[in-house]
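Comments concern the structure below.
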Amino acid sequence: MAKFYLTTAIDYANADPHLGQALEKIGADAIARYRRLRGDDVHFLMGMDEHSQSVVQAAEENQVPPQEWVDRMAVRFEEFYQRLECSHNDWIRTTEPRHRRAVEALLGGIREHNPDDLFIDTYEGLYCSGCEEFKQESQIADGRCTEHPTLDLVPKKEENHFFRLSRHGAELVRLIQSGEFQVEPAIRRNEIVRLLEDGLQDISISRSRFPWGIPFPGDPDHTVYVWFDALINYLSATGFPDAGYERLWPAQLHVIGKGITRFHCVVWPAMLRSAGLPLPRKVWAHGYVQWEGAKMSKTAGTAISLESALERHGPDSLRYFLLREVGFEADGNFTWERFDERYVADLADGLGNLASRSLAMLVKYREGVVSTTENTTSLDQAGLDALEQYATRMDVLDLRGGLEAAWSLVGRANQYIVETAPWTLAKEGRGAELDTALGTLARCLYRLALMVSPFMPGTAARLRDALGQDEASPAAWESGVAPPVEGSRTRRIQALFPKEQRAKTI
RNA sequence: GGCAGGGUAGCUCAGGUGGUGAGAGCGCAGCACUCAUAAUGCUGAGGUCGCGGGUUCGAGUCCCGCCCCUGCUACCA
């Protein structure tokens with residue numbers, strides 16, 4: 001059994017999760033479920049990033065101590081992700097002792113293997129006395145801090161611990177181009193390679209006067225810079241540095257958003273190399289969910305609440321829509337109109353109706369019992385083709401492509417029903433042909449349940465149940481070749497995607 | 001500004017190395033069917049392939065110029 005360790009980015013504990021974060025978790029979960037379906041020993045990690053400045057601010061605004069705040073947020077996030085049917089095996093939080101130990105150990109590893117990679121230098125920047133922090137260009141407007149436009153920004157120097165990132169650029173280019181360290185999709189890889197070729201600057205990895213963080217080993221006046229801290233979560237969750245962490249590390253896949261590729265494809269691998277540790281196999285940077293064609297923004301009031309998106313048509317439908325319409329590669333658009341259109345066309349009238357009509361005919365004409373018939377009709381062949389195409393796409397993390405393959409089979413199945421017209425066969429007493437048609441449809445639904453299961457676990461379970469499959473024995477990918485439905489007792493099914501719900505619009 | 005990727009039917013997009021009538025899905029219009037969530041199937045309407053030049057017997061498909069969009073441009077999650 002191949003080990004497959006995958007992670008998502010950990011979220012800041014400063015506000016409820018939004019649709020964009022949901023996309024990332026759903027996509028990663030579909031990958032995790034697909035790998036399990038293919039027989040891998042999957043370890044799927046999600047969690048919280050709890051040491052940032054924004055977390056402290058959020059805690060202050062809510063008038064609770066930071067730890068109490070992050071405890072509260074961690075519960076909220078995990079509840080949301082459970083409602084999204086995320087199947088993570090572990091949930092890491094950067095305020096946990098196991099994480100602190102790993103951060104200390106990783107820094108220790110760098111000290112041991114490449115002591116020159118750590119040094120003290122001065123960080124120079126524009127300091128806002130109102131915020132009590134250094135400001136980045138993006139936070140400055142007209143030479144003033146956007147939060148405190150009445151105050152002057154003052155140039156200030158601070159002694160910090162630095163990491164010699166510049167030393168690792170050339171080797172990272174080699175590792176990326178040789179494929180030893182994969183950055184996907186290609187557009188993100190190209191951006192990173194160019195960045196590396198232009199040369200890297202060393203980065204400061206500690207902050208003074210910021211107590212909410214992990215104390216810098218050997219220098220208690222400093223805390224570890226939040227990004228340096230956060231990246232290490234992927235390693236913390238393996239049990240590092242305790243013996244046995246190699247059972248999980250290196251990760252097969254880090255799933256992240258395109259906005260943080262630099263940290264994951266440059267800083268993180270450099271940290272690992274410096275500490276003498278192996279690199280993750282692959283980083284996948286997905287795009288963003290846009291709203292009406294524009295970036296979603298809470299301040300602009302265009303952020304859709306995850307709550308309302310979940311309530312619209314339920315978690316399976318949201319998962320389907322995001323991965324089919326928005327996709328997991330480039331940016332994609334979310335609108336209620338498209339969500340409703342896809343819900344009706346693809347789910348209710350597509351998969352849902354196909355299941356209804358097929359199962360209804362099995363019950364009506366054969367009391368639900370699937371006869372033994374040859375697994376060789378044109379629709380069986382289409383099913384095998386779809387499975388192959390599906391796997392080809394899914395193996396390269398083309399989730400939308402996987403769904404397209406499955407839905408092409410939905411279309412073929414509806415054509416098959418019209419071509420064979422089982423109602424006519426029943427009327428004319430052509431029993432053998434009727435058995436063949438109905439058996440073929442049962443196999444087709446079984447294959448669809450298989451392909452749909454990583455995306456819509458609840459729907460797949462209901463389909464399998466209606467097909468008389470025993471849930472105690474989980475479906476194996478290989479069973480799609482010759483679905484074990486013969487002799488099964490199938491049942492009529494309640495609408496998988498009822499349309500009445502659609503009236504309940506916002 | 002630099003680098004990268006795009007602008008093809010109302011919408012979302014396919015269209016390696018140029019070659020008979022430019023495609024898919026959704027939506028729309030007709031027809032058919034009745035097993036089904038008034039579902040499904042078939043047929044059809046719909047396109048200056050961003051703009052202007054050029055190469056070629058022949059260009060969404062190559063070259064030049066221009067217009068527009070998006071992403072990246074380092075210590076920000």
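Chain letters run A, B, ... following the sequence lines, proteins first and then strands; every chain starts at 1.
- Taking every side-chain heavy atom of A/E191 into account, B/rG71 is the closest of B/rC75, B/rG41, B/rG71.
- Rounded to the nearest Å, the gap between the P atom of B/rG16 and that of B/rG60 is 13 Å.
- The listed nucleotides are B/rC72, B/rA74, B/rA36; the one nearest the side chain of A/A360 is B/rA36.
- Listed nucleotides B/rU34, B/rA36, B/rC3 differ in distance to A/R492; the shortest reach to its side chain belongs to B/rA36.
- Across all strands, A/V226 comes closer than 4.0 Å only to sugar-phosphate atoms, never to a base (heavy-atom distances).
- Across the interface with RNA chain B, nearest-nucleotide mapping of A/I187 and A/G259 shows A/I187 to be the residue nearer the 5′ end.
- Within the structure, salt bridge (charged side-chain N to carboxylate O under 4.0 Å, His left out) pairs that include any residue of residues 399-408 of chain A do not occur (at least two apart or interchain).
- The pair A/D349-A/K499 counts as a salt bridge, with a side-chain nitrogen and a carboxylate oxygen less than 4.0 angstrom apart.
- Side-chain atoms of A/L496 lie closest to B/rU37 of the nucleotides B/rG27, B/rU37, B/rC72.
- Side-chain atoms of A/L195 lie closest to B/rA74 of the nucleotides B/rA74, B/rU34, B/rC3.
- Every stem involving RNA chain B, taken as at least 3 paired positions in a row under the Watson-Crick or G-U wobble test at 3.5 Å, is listed here: B:1-7 with B:67-73, B:10-13 with B:23-26, B:28-32 with B:40-44, B:50-54 with B:62-66.
- Against the 90° criterion about 0, the sugar-base torsion of B/rG65 places it in the anti range.
- Between A/Q415 and B/rC42, a side-chain N or O to OP1/OP2 separation shorter than 4.0 Å is present.
- For the residue pair A/T490 / A/S488, no side-chain donor-acceptor distance below 3.5 Å is found, with atom types taken as modelled.
- More than 12 heavy atoms of other shown residues, nucleotides or ligands fall within 6.0 angstrom of atom CZ in A/R430.
- Between B/rA22 and B/rC26, the two P atoms lie 23 Å apart (nearest whole Å).
- Listed by first and then second residue, the ring pair (Phe, Tyr, Trp, His ring centres under 6.0 Å) pairs involving residues 183-209 of chain A amount to none (not counting sequence neighbours).
- Residues of residues 349-359 of chain A that place a heavy atom closer than 4.0 Å to RNA chain B, in numerical order, are A/D349, A/G352, A/N353, A/S356, A/R357.
- We find that A/E341 and A/R338 are joined by a salt bridge, their nearest charged nitrogen and carboxylate oxygen being less than 4.0 Å apart.
- A gap of 11 Å separates the P atoms of B/rG1 and B/rC66, to the nearest Å.
- Residue A/K364 has its side chain nearest to B/rC35 when only B/rA74, B/rC35, B/rG27 are considered.
- Look at B/rG46: its glycosidic torsion is within 90° of 0, and that puts it in the syn range.
- Using modelled atom types and a 3.5 Å distance limit, the side chains of A/D380 and A/T377 yield a donor-acceptor pair.
- Counting non-hydrogen atoms under 4.0 angstrom, A/D11 reaches nothing in the nucleic acid.
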Could you list the donor-acceptor pairs under 3.5 angstrom formed by side chains in residues 194-203 of chain A, with sequence neighbours left out?
from   : atom 1 : to     : atom 2 : distance (Å)
A/D202 : OD1    : A/L165 : N      : 3.1
A/D202 : OD1    : A/S166 : N      : 3.0
A/D202 : OD1    : A/S166 : OG     : 2.7

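- Using a 4.0 Å cut-off, some side-chain N or O of A/K499 falls inside it from OP1 or OP2 of B/rA39.
- Using atom C1' as the reference point in both B/rC3 and B/rU12, the two lie 28 Å apart (nearest Å).
- Ring pair A/H286/A/Y288 is perpendicular by interplanar angle, where above 60° counts as perpendicular and below 30° as parallel.
- A salt bridge is defined here as a Lys NZ or Arg NE, NH1 or NH2 lying under 4.0 Å from an Asp or Glu carboxylate O, and A/R312 with A/D340 meets this definition.
- B/rU56 sits 16 Å from B/rC64 when the C1' atoms are compared, rounded to a whole Å.
- No side-chain donor from either of A/N114 and A/R164 sits under 3.5 Å from a side-chain acceptor of the other.
- At the heavy-atom level, A/F497 lies under 4.0 Å from base atoms of the strands shown.
- A cation-pi arrangement is present between A/R207 and A/Y225, with the terminal nitrogen or guanidinium carbon under 6.0 Å from the aromatic centre and inside a 45° cone about the axis.
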Give the B/S/- string for nucleotides 7-15 of chain B, one per nucleotide from 5' to 3', where a protein heavy atom under 4.0 Å of the base yields B, of only the sugar-phosphate yields S, and otherwise -.
---------
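- Taking a cutoff of 4.0 Å between a charged side-chain nitrogen and a carboxylate oxygen, A/D117 and A/R111 do not qualify as a salt bridge.
- Of the two residues near RNA chain B, A/L200 and A/D49, the one whose nearest nucleotide lies more 5' is A/L200.
- Taking atom P on both B/rG27 and B/rC11, the two are 16 Å apart, rounded to the nearest angstrom.
- When heavy atoms are screened at a 4.0 angstrom cut-off, A/S204 is found touching base atoms of the nucleic acid.
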